[in-house]
Student: 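Please find one structure pasted underneath; my questions will follow.
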2 protein chains.
Amino acid sequence: MDTREKILDTALTLFNKEGTAAVSTNHIAEAAGISPGNLYYHFHNKQEIIRELFQRLNIIWETLESIPQDHAPVMADLKTVIEANYKIIWQYRFLYRELVALLRQDTELRTSFLAVRQRGFDGFHELLHMFSEAGVLDLPDDPKVVNELQEICWLISEFWLTNLEVNGLKVNEAEMQRGVNLIFRVIQPYLA
Amino acid sequence: MDTREKILDTALTLFNKEGTAAVSTNHIAEAAGISPGNLYYHFHNKQEIIRELFQRLNIIWETLESIPQDHAPVMADLKTVIEANYKIIWQYRFLYRELVALLRQDTELRTSFLAVRQRGFDGFHELLHMFSEAGVLDLPDDPKVVNELQEICWLISEFWLTNLEVNGLKVNEAEMQRGVNLIFRVIQPYLA
DNA sequence: GTCTATATAATGATAGAC
DNA sequence: GTCTATCATTATATAGAC
């Protein structure tokens with residue numbers, strides 16, 4: 001495998017396991033089976049590795065955005081979307097656990113992350129309105145209320161896994177399903 | 001002021017501003033206007049400072065628990081409780097931003113934090129049922145559904161401020177109010 | 001590209017004087 | 001209780017050989 005990719009994969013695994021603060025470039029190099037000098041040949045510093053992992057995540061989100069919908073939306077689609085979201089977040093969980101600190105360290109990264117995130121948020125907004133038009137959802141007329149519901153759903157999707165970890169619960173399919181249920185619970189009163 | 005307290009106050013300010021990883025014991029000592037050696041006279045290490053700050057927070061939560069209710073609950077009471085919650089969390093925001101990492105580092109701390117948190121969660125459950133008995137809320141019969149609603153409210157209260165910080169928004173009264181509104185939005189469909 | 005060796009700086013932590 | 005001085009350790013980062 002490409003050494004650069006091996007470093008990134010190893011770093012991701014270690015960051016997810018122990019957090020960015022506890023993992024040094026030496027740790028990453030050792031776990032990747034290369035020398036510290038070699039790591040610095042491929043990356044200028046730890047921050048650059050983190051930035052690259054964010055970039056990977058951004059690409060995943062952007063890929064997800066562009067999947068075309070070939071049928072009228074049904075509730076099962078929403079479930080699929082939410083599950084996919086949880087899985088991606090779980091893959092890059094260290095980023096979501098440490099979001100405030102990581103975004104503060106790196107303005108460039110912050111800008112691109114928030115831009116992609118905003119597009120995801122807007123996409124979710126569209127999805128809700130597609131459900132509304134398909135007669136599956138009966139959304140309130142007040143756009144402010146719809147926006148609030150959306151913010152709640154977004155908050156759950158972004159922090160549910162962190163919440164599980166705080167509780168010391170093992171993150172598995174069943175717990176992810178509970179996270180899906182929570183989001184459904186939010187919109188359940190507005191089902192047509 | 002008591003040096004020990006001064007260290008804790010200074011550490012809290014710095015942790016909130018820059019995160020625990022970026023703040024060393026030397027930084028804390030310098031900002032507190034004392035020598036590094038003096039800091040180590042009062043605390044064995046940085047972890048002990050963090051643990052003590054958690055302990056302070058636990059005491060605040062426990063104090064909040066024991067406030068007696070002298071009248072039948074109305075919605076304004078819920079608002080008051082939620083606002084108080086946000087303010088406390090904001091005061092100790094570094095803990096909530098870094099919860100996963102901090103609880104993992106320290107088993108003892110983890111146990112006591114989760115115990116106090118669980119009591120808060122149970123207290124919220126009671127509060128909901130008091131609203132139900134007072135005829136303000138019309139909760140679903142299914143306890144699983146009630147539990148889900150509660151989990152959603154809890155998630156919002158614990159992560160709303162972090163979410164604001166991720167978005168780069170200034171945390172002020174107006175934004176906290178929006179966080180209160182979100183929780184009200186969750187239970188709004190169940191108002192009697 | 002990859003390694004070994006090493007420079008530099010920071011951090012956590014202690015000893016001993018006052 | 002508080003300071004200064006100091007140390008061991010670790011982390012980041014670079015130089016130069018292969």
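Quantities reported herein were computed from a predicted structural model and do not represent experimental measurements. A, B, ... follow the sequence lines: proteins, then strands. Residue 1 opens every chain.
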Student: Between A:E151 and B:R185, does any side-chain N to carboxylate O distance fall below 4.0 Å?
Tutor: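 No salt bridge links A:E151 with B:R185.
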Student: Whole Å only: how far is the CG atom of A:L39 from the P atom of D:dT14?
Tutor: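 The answer, rounded to whole Å, is 12 Å.
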Student: Side chain to side chain contact (heavy atoms under 4.5 Å, CB included) for B:W160 and B:E175? Distances and angles first, verdict last.
Tutor: CA-CA 9 Å; B:W160 171 244; B:E175 290 296 341; 4.2 Å; yes
Student: Locate the shortest heavy-atom distance separating B:L8 from B:L53; write the atom from each residue and the value.
Tutor: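 In this case the closest contact between B:L8 and B:L53 is O-CD2, 3.7 Å.
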Student: B:N38 has an atom CG; how far is it from atom C1' of D:dT4, in whole Å?
Tutor: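 Result: 12 Å.
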Student: Could you label the plane-to-plane angle of the A:F54 and A:F113 rings as parallel, tilted or perpendicular, counting under 30° as parallel and over 60° as perpendicular?
Tutor: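 Correct class here is perpendicular.
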Student: Does a side-chain N or O from A:Y40 land closer than 4.0 Å to OP1 or OP2 of D:dA13, or not?
Tutor: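 The answer is yes; a side-chain N or O of A:Y40 sits under 4.0 Å from OP1 or OP2.
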Student: In whole Å, what is the span from the CD atom of A:E30 to the P atom of D:dT10?
Tutor: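 Interatomic distance, CD of A:E30 to P of D:dT10: 12 Å.
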Student: When the distance from CG of B:N26 to P of D:dT6 is rounded to whole Å, what number comes out?
Tutor: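 Rounding to the nearest Å, CG of B:N26 and P of D:dT6 are 16 Å apart.
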Student: Of all nucleotides in DNA chain C with an atom under 4.0 Å from a non-hydrogen atom of chain B, which is the first and which the last going 5' to 3'?
Tutor: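 The contacted stretch runs from C:dT11 to C:dT14.
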Student: Using a 4.0 Å heavy-atom cut-off, does A:S24 contact any base of the nucleic acid, only the sugar-phosphate backbone, or nothing at all?
Tutor: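 It contacts sugar-phosphate atoms only.
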Student: Would you say a side-chain N or O of A:T25 is under 4.0 Å from OP1 or OP2 of D:dT12?
Tutor: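 Looking at the OP1 and OP2 atoms of D:dT12, one of them is under 4.0 Å from a side-chain N or O of A:T25.
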Student: Rounded to the nearest angstrom, tell me the gap between atom OH in B:Y41 and atom P in D:dA5.
Tutor: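 So the OH-P distance, B:Y41 to D:dA5, works out to 21 Å.
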Student: Specify the closest pair of heavy atoms between A:I28 and A:V23, including all atoms of both residues, with the distance to one decimal.
Tutor: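 Closest heavy-atom pair between A:I28 and A:V23: CG1-CG1, 3.5 Å.
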Student: Parallel under 30°, tilted from 30 to 60°, perpendicular over 60°: which one fits the rings of B:F94 and B:F15?
Tutor: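 Tilted, since the angle between the ring planes falls between 30° and 60°.
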Student: Hey, which sits more toward the 5' end of DNA chain D by its nearest nucleotide, B:G37 or A:H44?
Tutor: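 So the residue in question is B:G37.
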